[in-house]
Amino acid sequence: MAYPRVIRSSRRCADTFRSPRHRASGAAASRAFGVVDVAGLRRLSHLPHWLSAVAVALMAVGSAAQAATAPDEKDTFMAGGQISTSSFGELPDGREVTLYHLDNANGMQMSVIPYGGIIVSLKVLDADGQIDDVVLGFPSLQGYLSDAYREANPYFGALIGRYGNRIAGGSFRIDGERFELPTNDGDNTLHGGNEGFDRRLWQVAPFVDESGVGLVLTLQSPDADQGFPGTLSTEVRYTLTADNALDIRYRATTSATTPVNLTQHSYFNLEGEGQGDILDHRLMLNADAFTPVDQGLIPTGDVRKLAQTPFDFRTATAIGERIEADHPQLERGRGYDHNFVIDRGGSSDDELVLAARVEAPKSGRVLEVFTTEPGIQFYSGNFLDGSLIGKSGQAYEQRGGLALETQHFPDSPNQANFPSTLLEPGDTYASHTRYRFTTRDR
């Protein structure tokens with residue numbers, strides 16, 4: 001089976017991303033994308049948050065006015081899109097964490113913090129025009145720092161790296177050299193290790209441009225960080241678009257050959273966070289195969305067809321319809337926690353294809369996931385246990401949210417028949433995912 005590669009030269013990505021020289025700082029990242037550069041606001045940490053918010057708004061207006069001078073361009077989005085900031089708390093070392101609040105012209109809202117690149121909230125309209133928050137999370141920074149959260153470690157809304165999903169035995173080899181990683185999931189490494197990208201304070205540059213309103217997040221991971229070779233310069237661009245999509249573009253370069261697999265770990269409940277489980281959500285996955293796992297949730301190396309199994313979501317099916325079926329793969333994951341092989345239909349490796357569609361029966365909300373990746377991890381929130389209290393004051397019970405993580409396959413560094421995740425010096429990792437929200441008649 002042939003798989004698309006997401007690793008490609010910087011020249012092939014020139015139409016989307018600028019030169020890797022712009023990786024050094026949030027300000028440089030904003031220049032690379034031609035966006036509003038407000039990284040300087042973070043250096044003026046003594047300013048009150050209301051004054052920072054005013055400055056952000058003024059810069060956004062200036063950017064919108066400049067873009068509006070282009071001939072034959074209409075941008076009703078920029079007329080209504082805006083960015084504001086407020087304090088979200090402090091890390092134990094005293095570093096302040098800012099909450100960035102983004103609105104588009106259609107009523108969609110998103111809040112993001114630099115800590116972990118976490119999407120704290122994502123508010124979208126339902127079929128009746130009522131707005132609800134559809135991602136799981138907490139109302140303050142303390143929720144993400146608490147002992148209870150660290151113990152459960154669900155990665156709510158976080159950017160995941162260097163390597164999303166599991167690496168067997170916490171080790172891999174490159175050209176015969178063995179690299180050891182911290183193990184944080186039994187004997188395996190999950191989502192980059194004990195101190196993955198979900199626990200880093202990213203640099204942030206807000207922007208408003210013709211694509212929408214958003215944030216450019218940058219992070220430099222030094223050589224040997226969590227055991228991975230090479231200095232990795234990473235950039236993630238969140239855009240809230242005019243057509244009610246969350247567009248995510250990932251980019252990374254390295255100083256030494258290293259595996260890279262970046263993703264976003266939001267949990268969705270399209271009825272609203274805290275509003276029960278997602279078992280009645282109807283899911284379609286554009287996949288005819290998945291990678292079965294062993295007892296440690298490590299892929300066995302097989303690529304198995306979905307036909308006549310509880311994993312066949314090629315036709316929209318309620319998540320709860322077969323989740324308790326007598327199947328060894330469901331028993332191992334306590335539900336769905338598997339990588340599905342996306343049917344890309346011969347599309348080019350930089351082309352977005354539909355990977356998943358989810359419908360909520362009561363609200364009428366619909367989520368479609370498009371990606372350039374070869375795989376998508378469907379996780380049905382099996383290990384949520386009611387110990388975490390979310391933004392609405394409700395406990396997050398088992399299957400209170402679902403994650404759809406676009407990715408290369410788990411444990412690819414140790415699986416020769418899986419698509420390679422190795423990034424070489426001089427090449428550029430680039431990946432693109434879009435979560436688009438619409439409604440349907442109920």
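Because only heavy atoms are used, hydrogens play no part in the values below, and waters and symmetry mates are left out as well, while side chains stay in. Everything numeric here is computed off the predicted structure, so don't read it as measured data.
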*Asks:* With Asp337, which residues qualify under side-chain contact (heavy atoms from CB on, under 4.5 Å), at least two apart?
*Replies:* Arg166, Leu297, Gln377, Tyr379, Asn382
*Asks:* In this structure, is the centre-to-centre distance between the rings of Tyr267 and Phe156 below 6.0 Å?
*Replies:* yes
*Asks:* Between the side chain of Asp185 and the main-chain N/O of Thr189, is any donor-acceptor distance below 3.5 Å?
*Replies:* no
*Asks:* Which residues pass the side-chain contact (heavy atoms from CB on, under 4.5 Å) test with Asn286, sequence neighbours left out?
*Replies:* Met284, Ile342, Asp343
*Asks:* Aromatic rings Phe268 and Phe437: how do their planes relate, parallel, tilted or perpendicular, breaks at 30° and 60°?
*Replies:* tilted
*Asks:* If the condition is salt bridge (charged side-chain N to carboxylate O under 4.0 Å, His left out), which residues does Glu195 pass it with, not counting sequence neighbours?
*Replies:* Arg199
*Asks:* Judged by modelled atom types alone, do Asn261 and Asn165 share a side-chain donor-acceptor pair under 3.5 Å?
*Replies:* no
*Asks:* Kindly assign one of parallel, tilted or perpendicular to the pair Tyr155 and His191, based on the angle between their ring planes and the thresholds 30° and 60°.
*Replies:* perpendicular
*Asks:* Return yes if a side-chain donor-acceptor contact under 3.5 Å exists between Glu368 and Thr438, otherwise no.
*Replies:* no
*Asks:* Checking side-chain polar atoms at under 3.5 Å, does Tyr435 have a donor or acceptor matched by the opposite partner on Gln264?
*Replies:* no
*Asks:* Scan for salt bridge (charged side-chain N to carboxylate O under 4.0 Å, His left out) pairs involving residues 389-413, sequence neighbours excluded, and state none if there are none.
*Replies:* Asp133-Lys391, Glu324-Arg399
*Asks:* For a quick check under 3.5 Å, do Glu235 and Thr218 share a side-chain donor-acceptor pair by atom type?
*Replies:* no
*Asks:* Determine which pairs satisfy side-chain hydrogen bond (donor to acceptor under 3.5 Å, both in side chains) with at least one residue from residues 137-152, sequence neighbours left out, and list them in order.
*Replies:* Tyr115-Arg150
*Asks:* Give a yes-or-no answer on whether the side chains of Arg304 and Thr291 include a donor-acceptor pair shorter than 3.5 Å.
*Replies:* no
*Asks:* Using the ring of each side chain (for Trp, its six-membered ring), is Phe138 parallel, tilted or perpendicular to Tyr396, with breaks at 30° and 60°?
*Replies:* tilted
*Asks:* Can you find a pair of side-chain heavy atoms, one from Thr406 and one from Val369, that are under 4.5 Å apart?
*Replies:* yes
*Asks:* Would you say Arg173's side chain and Gly176's backbone share a donor-acceptor pair under 3.5 angstrom?
*Replies:* yes
*Asks:* Do Arg237 and Ser211 meet the criterion of a side-chain donor-acceptor pair at a distance under 3.5 Å?
*Replies:* yes
*Asks:* List for me each residue that meets salt bridge (charged side-chain N to carboxylate O under 4.0 Å, His left out) alongside Lys123, sequence neighbours excluded, and say none if there are none.
*Replies:* none
*Asks:* Go through the side-chain N and O atoms of Ser111 and His101 and say whether any donor and acceptor fall under 3.5 Å apart.
*Replies:* yes
*Asks:* Is it the case that Arg322 places NZ or CZ above or below the six-membered ring of Phe313, under 6.0 angstrom from the centre and within 45 degrees of the axis?
*Replies:* yes
